[in-house]
Number of protein chains: 2
Amino acid sequence: MATLRDVAALAGVSVKTVSNVVNGHAFVKAENRRRVEEALVATGYRPNLGARNLRRGRTGFLALVLPELDIPYFAELAALVLRAAQAHEWNVLIEQTFGTREGERATLASLGAHLIDGAIVSPEALMEGDFAALAPGIPVVMLGEHTVDLPLDRVGIDNVRASEEAVRHLASLGRTRIAAIGAHPHRDTAAQRLQGYRSALAAAGLPPRDDLVATALNYHRRDGAEAMAALAALPDPPDAVFCFNDLLAVGALRTAAERGLRVPEDIAVVGFDNTEEGAYGRPSLTTVAPDKAAIAEAAVHLLRRRVETSDLPPEDIRTPFRLVVRESTAG
Amino acid sequence: MATLRDVAALAGVSVKTVSNVVNGHAFVKAENRRRVEEALVATGYRPNLGARNLRRGRTGFLALVLPELDIPYFAELAALVLRAAQAHEWNVLIEQTFGTREGERATLASLGAHLIDGAIVSPEALMEGDFAALAPGIPVVMLGEHTVDLPLDRVGIDNVRASEEAVRHLASLGRTRIAAIGAHPHRDTAAQRLQGYRSALAAAGLPPRDDLVATALNYHRRDGAEAMAALAALPDPPDAVFCFNDLLAVGALRTAAERGLRVPEDIAVVGFDNTEEGAYGRPSLTTVAPDKAAIAEAAVHLLRRRVETSDLPPEDIRTPFRLVVRESTAG
DNA sequence: TTGAAAGCGCTAACAC
DNA sequence: GTGTTAGCGCTTTCAA
């Protein structure tokens, strides 16, 4: 594999001149430029990005740390981050944490190895103390709201307000026994959505019922299906359910169908994330739609800013969302 | 950020000794080892992987090149490749090509920049000539079967046999007007699945009908929905449809429901990929299930082998698949 | 066992 | 405009 030196030797010029041509720097005599370009082609020269970055002190890589890539919301988000990063000439390294505290700690700790310029992290189970494991000096942008008050850039939607809107919609349909699926002992996001659920209930004058709040330790389809089965078996079952993500809602819809419950007549269902899967299901899913492209772009933008300038005050960007009403509540 | 030199200075030894400790090489005098380890902790030393790799001539990165990350099949596959790569201490760089020839060419061309040890490529629109754009010397493993006879390692299932099995299943249900959705002018995979569809039709003694073969330029839900609408409008509409991926099938199911067609009574539907989305839909989707974990592991394994030893003959691994029968054909 | 020093391929300060 | 050269942080001969 040809190096700058090889090209220089072939063209009969110095490495500097070749470097200038390759990087489009400075003015190069036409004659030399021509010879360098010929030599470039002849040798099939490709710059060694590793060497270049070592020299420049940047790596050209950005890490995207998320729970699981095969959860549609994260897959869609990752696709958008890839696009946004491309515009900044960043390559994206994806790391899965599987949503466990251990996975997140290990990933964050390994990030310090100088091989990324920064990271976009979507934490799930992370605790305040875990951030000590973060390699110091690596710019990080956090996705989602968090109760921990860390001096880090953040991007995400207002989960409380979004959840309130979802539940208000259900209440406006005349539903009075509104359940929630997705409570979780450690996740901030779950706590916020639960809070929104409760405050909307109160605002609508509906009594809170603990038996209508279903915990989900994971947010997969299966968990939604199981939670729905438990809710349906209640002596006084719900007539509506707010799921903390679309996957839970898909599982809930499946169980409802198996139990012979009509959606939305017998039970209305709302999800969260606006994944395409929900839009094509039967019935199609009413859901909270965060602006994923805005999240991806803001995250990359914030990271870029922080990589270029240190000592900036942390920024907190709340991206827009809207409620998309579809068949699962439109009865 | 501390370097090896800083650590050496603090410990009062040479860089070599620190390097030896860090890499677990050779024997180091106990006293020195202790002092180095102390200095390592005191400075919070992290090896600069970029520099290490420049020296070692490897990068520690592997590129996974695929059409779109937010297509569930690719998201699931990517998640599995990430896992498999982790076992080989490879970081994974994901690149999207959006399934266009231009995107695939550009990505392949940029791969040459010494920043990856090898690539796993899932091509879609690539032509034979495009491989000239591939940086020479970069080990590549191709996903899927291809008609182009390139001397590259390959991993994938036997598309023709898998498709035959799907269509045979439909025929065994007594269906006689079996349609196909997903024909494509340039994609090898589409050609193979079409071939399997046709040969199974012939084997079952069913006449081929061109009007029952629907082209899909993309394999998204929307494309499946549109194709199904066209098929349903035919004077002699199909009583079964074989979709070349699950997403097309999801779209087809949606259209069938909107048209009041009962599945599987009026029309049976089979997909391809066995994504989780299909399993939870209503009706749940019968589908060809490739062993995705086997594909991911074989691909990473083959790449590892080729990175370590050059001049190996290309290998072609056919991974297993099975037909998963669910509600969409079980009537 | 450990140290000194070369060099992986590149960029950029400095000289000409 | 172009050449020379130091050095990014690391590994690794070669000597001591």
Side-chain angles (χ1 to χ4, degrees), chain A residues 1-40 43-61 89 91 112-117 135 137-138 307, chain B residues 1-37 39-40 43-61 89 110 112-117 135 137-138:
Chain A
M1 187 110 278
T3 72
L4 264 196
R5 251 237 266 310
D6 300 333
V7 179
L10 184 61
V13 298
S14 78
V15 270
K16 179 68 195 328
T17 303
V18 180
S19 177
N20 282 157
V21 171
V22 170
N23 294 292
H25 283 329
F27 289 77
V28 178
K29 214 192 327 180
E31 163 65 6
N32 279 344
R33 173 178 298 278
R34 194 187 52 72
R35 296 172 58 182
V36 168
E37 277 164 354
E38 271 179 27
L40 247 19
T43 54
Y45 174 78
R46 301 276 172 172
N48 181 325
L49 263 32
R52 173 181 291 175
N53 291 333
L54 173 59
R55 186 58 237 240
R56 284 189 178 159
R58 73 179 306 245
T59 69
F61 290 103
E89 300 196 303
N91 284 109
H114 302 251
L115 87 186
I116 53 165
D117 295 328
I138 293 206
V307 165
Chain B
M1 186 113 279
T3 73
L4 263 195
R5 249 240 265 310
D6 301 332
V7 179
L10 184 62
V13 298
S14 77
V15 255
K16 178 71 194 328
T17 304
V18 180
S19 176
N20 283 157
V21 172
V22 170
N23 292 293
H25 283 329
F27 289 78
V28 178
K29 211 187 337 178
E31 164 65 4
N32 278 344
R33 173 178 299 278
R34 193 187 54 70
R35 294 172 57 183
V36 168
E37 279 164 353
L40 247 19
T43 54
Y45 174 77
R46 300 272 172 176
N48 181 324
L49 262 32
R52 173 181 291 175
N53 291 332
L54 173 60
R55 189 57 236 242
R56 285 189 179 159
R58 77 181 301 251
T59 70
F61 289 102
E89 301 195 304
S110 77
H114 303 249
L115 89 187
I116 53 165
D117 296 327
I138 292 205

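- The phosphate of D/dT11 has OP1 or OP2 within less than 4.0 Å of a side-chain N or O from B/Ser19.
- Residues forming a side chain to side chain contact (heavy atoms under 4.5 Å, CB included) with B/Asn23 (at least two apart in sequence, or on another chain): B/Ser19, B/His25, B/Arg52, B/Arg56.
- Rounded to a whole Å, the CZ atom of A/Arg5 is 13 Å from the C1' atom of D/dA6.
- Within the 4.0 angstrom heavy-atom criterion, base atoms lie near B/Lys16.
- Taking the screw axis at each terminus of the helix from C/dT1-D/dA16 to C/dC16-D/dG1 from five consecutive base pairs, the angle between the two is 40° to within rounding of 10 degrees.
- Ionic pairing of B/Glu31 and B/Arg34 is present here: one or more N-O contacts between side-chain nitrogen and carboxylate oxygen are shorter than 4.0 angstrom.
- Checked against salt bridge (Lys or Arg N to Asp or Glu O under 4.0 Å), A/Arg55 has no partners two or more places apart in sequence or in another chain.
- For C/dG9, the OP1/OP2 oxygens have no side-chain nitrogen or oxygen of A/Arg52 closer than 4.0 Å.
- Using a 4.0 Å cut-off, some side-chain N or O of A/Ser14 falls inside it from OP1 or OP2 of D/dG3.
- When each of A/Leu54 and B/Asn32 is assigned the nucleotide of DNA chain C bearing its nearest heavy atom, the one mapping closer to the 5' terminus is B/Asn32.
- Nucleic acid contact class of A/Asn23 (heavy atoms, under 4.0 Å, all strands): sugar-phosphate only.
- In this structure, B/Thr17 reaches the sugar-phosphate backbone alone: every heavy-atom distance under 4.0 Å involves primed, P, OP1 or OP2 atoms, never a base.
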